[in-house]
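Inspection log for the structure reproduced underneath, given as structure tokens.
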Number of protein chains: 2
Amino acid sequence: MTTTRASRPRRKRAGQYHHGDLRRALIEQALRVIESTGAEALTLRGVGAALGVSRTALYRHFADKEALLAAVASEGFRLLRAALVEGWEQNGRGTAGFEAMGAAYLRFAIGHPAHYRVMFGRFVESGVRDPGLEVESESAFGALVDALTTLQRDGLARADDALLQARFVWAVTHGIAMLVIDGQLRGGDEDAAALNRYAAERLRQALSAEPAPASPR
Amino acid sequence: MTTTRASRPRRKRAGQYHHGDLRRALIEQALRVIESTGAEALTLRGVGAALGVSRTALYRHFADKEALLAAVASEGFRLLRAALVEGWEQNGRGTAGFEAMGAAYLRFAIGHPAHYRVMFGRFVESGVRDPGLEVESESAFGALVDALTTLQRDGLARADDALLQARFVWAVTHGIAMLVIDGQLRGGDEDAAALNRYAAERLRQALSAEPAPASPR
DNA sequence: ACCTGAACACCGTTCAAGT
DNA sequence: ACCTGAACACCGTTCAAGT
């Protein structure tokens with residue numbers, strides 16, 4: 001029971017705890033578990049064990065499990081926004097940029113299905129949320145509103161209420177993402193790609209700035 | 001320790017168990033809990049207690065909790081299909097019927113959000129499912145495909161691949177339902193109604209049988 | 001401040017046993 | 001066949017205690 005440091009089962013620096021930034025490490029470990037085995041399989045005990053801390057250390061940084069998931073969701077919206085903005089800006093901020101945005105959205109959702117589900121599925125209740133979550137979510141949506149506003153200004157999209165138009169576009173894209181993620185398209189990647197193409201065409205027609213052909217009276 | 005029947009803690013008929021159809025009672029009780037407090041709050045012990053049976057009685061009828069949820073989901077698709085078909089048939093099997101179908105879909109999802117989430121959320125894994133689930137799900141989707149096929153035949157919708165077209169329409173409607181259910185439209189009912197109206201207009205334009213106006217060269 | 005270990009009140013599921 | 005009670009191996013969370 002002397003302080004011979006060779007016999008300690010786990011090496012720990014004296015006077016310093018495990019992490020410089022345990023909060024950050026907890027979010028990253030949670031995300032790692034979620035991406036590899038799904039959010040349902042996430043246990044706080046497992047996260048603590050993987051990081052070499054006690055299973056209650058987490059409560060110094062998060063009120064409860066939901067607060068940790070809210071932080072993970074918030075991180076997701078930040079990444080999603082970055083992907084959307086990149087697609088838009090790297091492709092000319094016009095029609096091509098808009099379609100690149102849609103492709104980036106689906107690539108994110110399909111590439112990180114478990115993360116995407118934490119962002120939208122009801123893992124995070126409507127009650128007390130991460131203060132940043134609402135902000136990040138609004139910010140990602142804002143990128144879409146901005147793009148549509150620009151398209152409208154340049155005569156490339158119908159001059160409707162931009163917020164309403166953005167919600168419609170979001171619903172279409174979100175709906176496709178969810179169907180693909182949930183495996184409702186039994187053809188797999190092939191069918192998903194075909195649906196993406198078809199949806200892009202129909203959306204172009206639906207948002208076309210040109211007046212709809214006169215009804216046959 | 002004699003068999004005085006007055007001292008028994010719970011009255012039970014001799015020679016008869018609790019239910020004529022425990023399986024059915026379990027599904028209905030599970031649905032009751034889900035609709036009132038959400039699927040996350042569903043516990044097998046609670047279901048058993050509410051029905052006055054032991055918490056393991058359930059395993060005579062379902063392999064596990066997921067199998068019970070699959071049965072609940074299957075029931076949901078049956079109800080959804082009935083609502084869709086009614087909207088279509090009671091409104092003339094034309095454009096009006098098609099829009100009534102969409103309205104019925106959203107009414108079902110928004111009226112039974114927890115049930116809807118069990119049908120689509122990842123409560124039921126892609127692995128072993130209720131044999132009826134896939135069938136019921138396909139059947140509900142089939143109602144949509146049939147309606148679109150009819151519209152195409154009558155020149156009321158673009159003559160695209162009906163399956164692909166149906167998937168697109170489904171994605172739009174599913175996307176709206178999910179955004180509303182998940183509380184992403186902060187305006188509440190007002191905003192949801194406005195989005196529904198706008199989406200119906202855009203969808204009409206997107207599926208219009210008339211050729212799109214010639215592009216400006 | 002930050003972390004620990006023990007304890008509490010739950011879960012789903014298994015299993016030997018009863019009728 | 002259908003149901004039961006005890007037991008097992010988990011959970012998230014709380015709390016007094018350590019440094």
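Hydrogens, waters and symmetry mates are skipped; everything else that's a heavy atom, side chains included, is used.
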How long is the line joining [atom1] of [X] and [atom2] of [N], in whole Å?
X	N	atom1	atom2	answer
A:Asp21	C:dC2	CG	C1'	14 Å
A:Leu69	D:dG12	CG	P	10 Å
A:Leu51	C:dT4	CG	P	11 Å
B:Arg23	D:dC3	CZ	P	14 Å
A:Leu58	C:dT4	CG	P	12 Å
B:Leu44	C:dG12	CG	P	4 Å
B:Arg55	D:dC3	CZ	C1'	13 Å
A:Leu26	C:dC2	CG	P	12 Å

inquiry  = B:Leu144 vs B:Phe98, test: side chain to side chain contact (heavy atoms under 4.5 Å, CB included). Steps then yes/no.
reply    = CA-CA 9 Å; B:Leu144 175 58; B:Phe98 186 67; 3.8 Å; yes
Is there a side-chain contact between [X] and [Y] (heavy atoms, below 4.5 Å)?
X	Y	answer
A:Arg117	A:Asp182	yes
B:Phe141	B:Leu80	no
A:Arg202	A:Val172	no

message = Considering only residues two or more places apart or on different chains, which pairs with a residue in residues 45-57 of chain A satisfy side-chain hydrogen bond (donor to acceptor under 3.5 Å, both in side chains)?
response =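 Residue pairs with at least one partner in residues 45-57 of chain A: A:Ser54-A:Thr56.
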The side chain of [X] is closest to which nucleotide in this list: [options]?
X	options	answer
A:Thr56	C:dT13, D:dT4, C:dG5	C:dG5
A:Ala57	D:dT13, C:dT13, C:dT4	C:dT4
B:Lys65	D:dG12, C:dG12, D:dT14	C:dG12
A:Leu22	D:dT13, C:dC3, C:dT4	C:dC3

ask   = Looking at B:Arg78 and B:Glu75, does any basic side-chain N land under 4.0 Å from a carboxylate oxygen?
value =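 Salt bridge: yes.
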request  = Tell me which of A:Arg45 and A:Arg60 sits closer to the 5' end of DNA chain D, going by the nucleotide each one is nearest to.
outcome  =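 Nearer the 5' end of the strand: A:Arg45.
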query = When the nearest nucleotide of DNA chain D is assigned to A:Asp64 and to B:Ser54 on a heavy-atom basis, which residue is associated with the more 5' position?
reply =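 Counting from the 5' end, the first nearest nucleotide belongs to B:Ser54.
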key: Consecutive-pair stems (3 or more, Watson-Crick or G-U, under 3.5 Å) for DNA chain C   =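 C:4-8 with D:12-16, C:12-16 with D:4-8 - these are the stems of 3 or more pairs that involve DNA chain C.
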message = Base, sugar-phosphate or nothing for B:Leu68? Non-hydrogen atoms, less than 4.0 Å.
response =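 No contact.
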task = Using a 4.0 Å heavy-atom cut-off across all strands, classify B:Leu42 as base, sugar-phosphate, or nothing.
result =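 If one applies the 4.0 Å heavy-atom cut-off, B:Leu42 turns out to touch the sugar-phosphate alone, with no base involved.
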message = Ignoring hydrogens and geometry beyond distance, is the side chain of B:Thr43 in donor-acceptor contact with the base of C:dG12 at under 3.5 Å?
response =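 Checked by distance alone, the answer is no.
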request  = Indicate whether OP1 or OP2 belonging to C:dC3 is found under 4.0 Å from a side-chain N or O atom of A:His61.
outcome  =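 Indeed, a polar side-chain atom of A:His61 lies that close.
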message = Taking only side-chain N and O atoms of B:Tyr59, does any of them lie within less than 4.0 angstrom of OP1 or OP2 on C:dT13?
response =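 Yes, such a contact exists.
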query = Once you round to the nearest 0.5 Å, how far does CG of A:Leu151 lie from CG of A:Leu207?
reply =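 That separation rounds to 8.5 Å.
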request  = With B:His174 as reference, evaluate B:Tyr105, B:Tyr116, B:Phe108 under the ring-ring contact (aromatic ring centres under 6.0 Å, His included) test and give the passing residue.
outcome  =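 Testing each of B:Tyr105, B:Tyr116, B:Phe108 against B:His174, the sole residue satisfying ring-ring contact (aromatic ring centres under 6.0 Å, His included) is B:Tyr116.
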